[in-house]
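Worksheet for the structure shown next.
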Amino acid sequence: MKALVYPAFDQIEIQEIPVPSPKPGELLIRVAAVGICGSELEQFASRSLRRPPPLIMGHEFCGQVAAVGAGIAHFQEGERVVVSSVIPCFACDLCRDGQTHLCPKREVFGMRRPGGFAEYVAVPVAVAFALPEKVSPLEGALVEPLANGVHVFSLVQSRFPETVVVFGAGTIGLLALQVAKALGAFRLVVVDTNPFRLEMAHELGAEPIINPRQEDVKEALSEFTRGRGVDVAIDAAGVAETRQTALSVTRPGGEVVWIGLHSDRTDLSGHEVVLGERKIMGSYAVTSRDIETAIGLFAHGKVELSPWVRPFPLTEGARVFRELLGQPSDYIKGVLLP
Ligand SMILES: [Zn+2]
Ligand SMILES: [Zn+2]
């Protein structure tokens with residue numbers, strides 16, 4: 001089969017490799033579509049040891065069951081499925097408590113085990129979910145990132161936030177924005193320095209959009225909320241500056257969710273946290289429930305992927321991967337169709 005392989009640092013190429021065979025309890029998936037994630041681009045560029053080569057990356061994929069391993073009764077050949085990115089142990093205290101995404105023994109597709117940048121991938125049946133006919137393969141590849149946006153709002157305690165601001169109009173930011181919209185938040189603000197990404201956010205319902213290179217974010221949001229501050233701020237950029245700004249623009253008692261992982265250390269105002277009782281939460285990956293919710297959002301037509309998501313044949317994977325590293329000027333998310 002063909003696979004987009006990361007054989008060594010700084011290299012990415014199409015290779016011909018053997019089709020994996022499913023072990024007992026695994027499904028062999030014929031991949032229909034697989035998204036290239038920002039974390040993969042970032043870790044490739046930084047030679048991160050979180051994804052050490054040689055490796056087949058790809059944790060955002062859907063496809064059809066091509067073979068069923070021993071001991072599986074509830075999936076059949078030909079069924080359409082989407083796969084969760086995280087493979088938990090299902091046995092530890094966190095897993096038994098439903099916190100499978102935090103399992104200390106978790107594995108992630110395309111990190112230390114082969115991912116979906118290939119024609120076929122073997123997956124434990126417990127992380128496969130039936131995909132309804134009305135959800136397209138392209139949408140199926142976006143289920144996992146959309147579920148990340150769902151997970152953010154599963155953590156937010158305010159049931160009906162009025163004003164939500166998203167920092168970073170990349171894939172996760174634009175999907176979190178659409179989750180907020182589906183939840184009924186009616187004032188959606190997006191902050192980014194890239195004019196094309198801001199324009200996409202605007203098309204998807206963000207009003208206003210704010211470019212920190214052109215205006216002061218705190219002033220603009222203070223004016224927009226008449227000095228009150230926003231109810232929920234989501235940092236999908238993951239740098240010290242946006243983490244602090246997200247905190248500063250949030251109203252007293254409001255909630256801040258960090259999902260971006262770009263930098264580690266961050267200097268914050270402790271006074272803004274304590275005196276304003278602002279809550280800061282980290283959001284990581286997805287649970288089964290988030291995946292099911294994301295499938296439902298697509299099935300009900302709540303999420304728009306055009307024109308910011310673009311499909312390409314797998315054979316163009318290496319070129320597309322490098323193109324995305326340079327932030328293309330007319331699309332945001334690349335999806336490979338093996
Ligand atoms: Zn991802
Ligand atoms: Zn576990």
Side-chain angles (χ1 to χ4, degrees), residues 4 6 12 25 31 33-46 48 50-51 55-62 82-118 121 123-127 129 138-152 166 168-179 234-238 257-262 282-291 294-295 303 305 308-309 317 320-321 324-325 327 332-336:
L4 180 64
Y6 174 26
I12 187 115
V31 180
V34 52
I36 299 176
C37 177
S39 64
E40 291 166 335
L41 295 164
E42 204 169 286
Q43 288 173 20
F44 176 85
S46 67
S48 166
R50 280 173 63 84
R51 285 187 166 84
L55 187 66
I56 299 172
M57 293 188 277
H59 58 263
E60 305 172 355
F61 57 94
C62 67
V82 62
V83 179
S84 178
S85 50
V86 176
I87 305 161
C89 78
F90 292 109
C92 71
D93 288 349
L94 282 160
C95 282
R96 285 153 61 126
D97 194 33
Q99 309 262 66
T100 48
H101 59 306
L102 303 179
C103 171
K105 292 185 191 149
R106 68 183 178 258
E107 287 188 341
V108 176
F109 286 103
M111 276 184 92
R112 283 168 199 281
R113 65 178 287 148
F117 289 169
V121 57
V123 312
V125 69
V127 297
F129 299 79
L138 193 70
E139 290 171 328
L142 271 288
V143 163
E144 195 273 347
L146 178 63
N148 271 267
V150 170
H151 192 67
V152 165
V166 178
T171 300
I172 298 293
L174 293 181
L175 292 171
L177 170 76
Q178 297 189 68
V179 174
I234 297 162
D235 173 46
V257 187
W258 292 350
I259 185 166
L261 266 175
H262 190 87
S283 181
Y284 172 74
V286 301
T287 64
S288 301
R289 202 192 170 98
D290 301 325
I291 292 277
I295 292 171
V303 183
L305 301 182
W308 60 280
V309 179
V320 174
F321 197 88
L324 285 163
L325 281 166
Q327 278 210 0
I332 292 169
K333 177 79 171 179
V335 173
L336 302 176

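No experiment lies behind these values; they were computed from the predicted model shown. Ligands are counted one by one from 1 in listed order, and the atoms in each one are counted from 1 as well.
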In terms of the angle between their ring planes, are Phe321 and Phe117 parallel, tilted or perpendicular, with boundaries placed at 30° and 60°?
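Phe321 and Phe117: perpendicular rings.
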
How many angstroms lie between [atom1] in [X] and [atom2] in [Y], if you round to the nearest 0.5 Å?
X	Y	atom1	atom2	result
Thr171	Ile36	OG1	CD1	10.5 Å
Gln178	Leu142	CD	CG	9.5 Å
Glu139	Cys62	CD	SG	9.5 Å

If you draw a 6.0 Å radius around CG in Leu94, do more than 12 non-hydrogen atoms from other residues or ligands fall strictly inside?
yes

Quick one: how many protein N/O/S atoms are under 2.8 Å away from the Zn ion (ligand 2)?
4

Glu144 (side chain) donor-acceptor with Val83 (main chain) under 3.5 angstrom
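Checking the backbone N and O of Val83 against the side chain of Glu144, no donor-acceptor pair under 3.5 Å is found.
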
